[in-house]
Amino acid sequence: MSVRASITDGPLPPALLGEAAAGVGAFIVFEGLVRPREGDAAITALDYTTYDPMAERQLLDLARDICQRFALLTLHVQHSRGRVPVGACSFRLTIHAAHRKEALAAMDEFIDRLKRDVPIWKKPVA
Amino acid sequence: MTVRVLLFGPEAAAARSDALTMDVPAGSTADAVKAAIAGACPALSPLLPAARLAVNSAFARGDQPINPGDEVALIGLVSGG
């Protein structure tokens, strides 16, 4: 089981997919991109604030919990801090699992819990 | 004892500050400190029901005592991901 969590200043660089771990039957990469609108307003970017070190610690704890509960092979999560322009990637979740079902369920629960518990905030930039 | 509560996101905007300093009785619990925030900064009152206290970078139980020197943060609705 391989788990990694990191917070990076600015937009996330393109994903480095690497080689699949042994036994992988399902490989998911979810990327969250900054949309051009927040509610009714057009924006140019989002500014992300993080409460360090709790944000990275919570991401890592969440990653370990999800990886263990869904018996994943790997779970890597990256999130941005600071300014991310429209169209750029601010969040990436990469999962390797033996089967599709647990990979998709793990991704869904991870994102729900991140949006509830991890101290990261976004602020729109006009 | 003096407690400094870090603020972020909507809470920092409402309080117009990134921290709130207040005096609470020694041995106060997380719940007591959270309740005291409303008195110290009424602008935060509407946000408190959805907020949790973190102590030393971990969410605190309501009955957890706050010790001098603890890093305390008010974590409201987050918006990552």
Side-chain angles (χ1 to χ4, degrees), chain A residues 5-8 12 30-35 38-39 43 45-66 75 77-82 84 89-94 106-125, chain B residues 2-22 29-31 33-34 36-38 40-41 43-81:
Chain A
S6 63
I7 296 178
T8 302
L12 299 182
F30 174 91
E31 291 195 336
L33 309 180
V34 176
R35 290 186 296 266
E38 274 288 302
I43 63 170
L46 289 174
D47 272 344
Y48 287 96
T49 305
T50 57
Y51 172 33
D52 301 318
M54 184 175 175
E56 200 160 295
R57 191 175 299 177
Q58 287 279 102
L59 278 178
L60 189 58
D61 287 348
L62 177 57
R64 286 182 181 139
D65 184 56
I66 294 289
L75 188 153
V77 55
Q78 301 164 273
H79 201 293
S80 290
R81 176 197 297 117
V84 181
C89 179
S90 60
F91 168 63
R92 181 179 295 126
L93 182 65
T94 306
M107 176 187 73
D108 207 32
E109 182 168 327
F110 186 98
I111 295 173
D112 280 347
R113 287 173 61 181
L114 178 150
K115 287 178 171 292
R116 188 189 71 201
D117 294 331
V118 179
I120 298 174
W121 295 267
K122 64 181 180 183
K123 184 177 173 183
V125 180
Chain B
T2 299
V3 174
R4 183 168 178 264
V5 181
L6 301 176
L7 303 173
F8 301 88
E11 285 70 32
R16 298 188 183 187
S17 177
D18 59 5
L20 175 67
T21 301
M22 55 190 193
T29 62
D31 275 349
V33 169
K34 192 177 158 192
I37 289 171
C41 184
L44 289 175
S45 290
L47 303 176
L48 288 176
R52 291 171 283 179
L53 224 55
V55 178
N56 300 327
S57 295
F59 287 116
R61 294 184 325 273
D63 62 353
Q64 180 174 334
I66 307 300
N67 301 310
D70 281 343
E71 180 171 286
V72 180
L74 185 68
I75 309 296
L77 293 176
V78 297
S79 51

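In what follows, chains are A, B, ... by sequence order, proteins preceding strands, each numbered from 1.
Here the closest non-hydrogen pair linking A:R57 and B:S57 is NH1-CB, 3.5 Å. Annotation for A:M54 and B:A54: closest pair SD-CB, 3.6 Å, computed over non-hydrogen atoms. Between B:R52 and A:R116, the shortest heavy-atom contact is NH2-O, 2.9 Å. B:I75 and A:P119 make their closest contact through CD1-CB, 4.1 Å (heavy atoms, listed as atom of the first residue, atom of the second, distance). Between A:K115 and B:V78, the closest heavy-atom pair is O-CG2, 3.3 Å.
Of the listed residues (A:I111, A:V118, A:D61, A:T49), the one with the most heavy-atom contacts under 4.5 Å to chain B is A:V118. Chain B forms more heavy-atom pairs under 4.5 Å with one residue of A:R92, A:Q58, A:K123 than with any other, namely A:Q58.
Within residues 66-74 of chain B, the residues approaching chain A closer than 4.5 Å by heavy atoms are, in numerical order, B:E71, B:A73.
In this structure, chain B has heavy atoms under 4.5 Å from both the backbone and the side chain of A:Y51. Contact annotation for B:L6: only side-chain heavy atoms (C-beta onward) come within less than 4.5 Å of a heavy atom of chain A. Heavy atoms closer than 4.5 Å to chain A are found in the backbone of B:A58, but not in its side chain.
Using a 30° and 60° split on the angle between ring planes, A:W121 and B:F8 fall in the parallel class, below 30°.
Evaluation of the salt bridge (charged side-chain N to carboxylate O under 4.0 Å, His left out) test over residues 53-66 of chain B, restricted to residues two or more places apart or in two chains, returns B:R61-B:D63.
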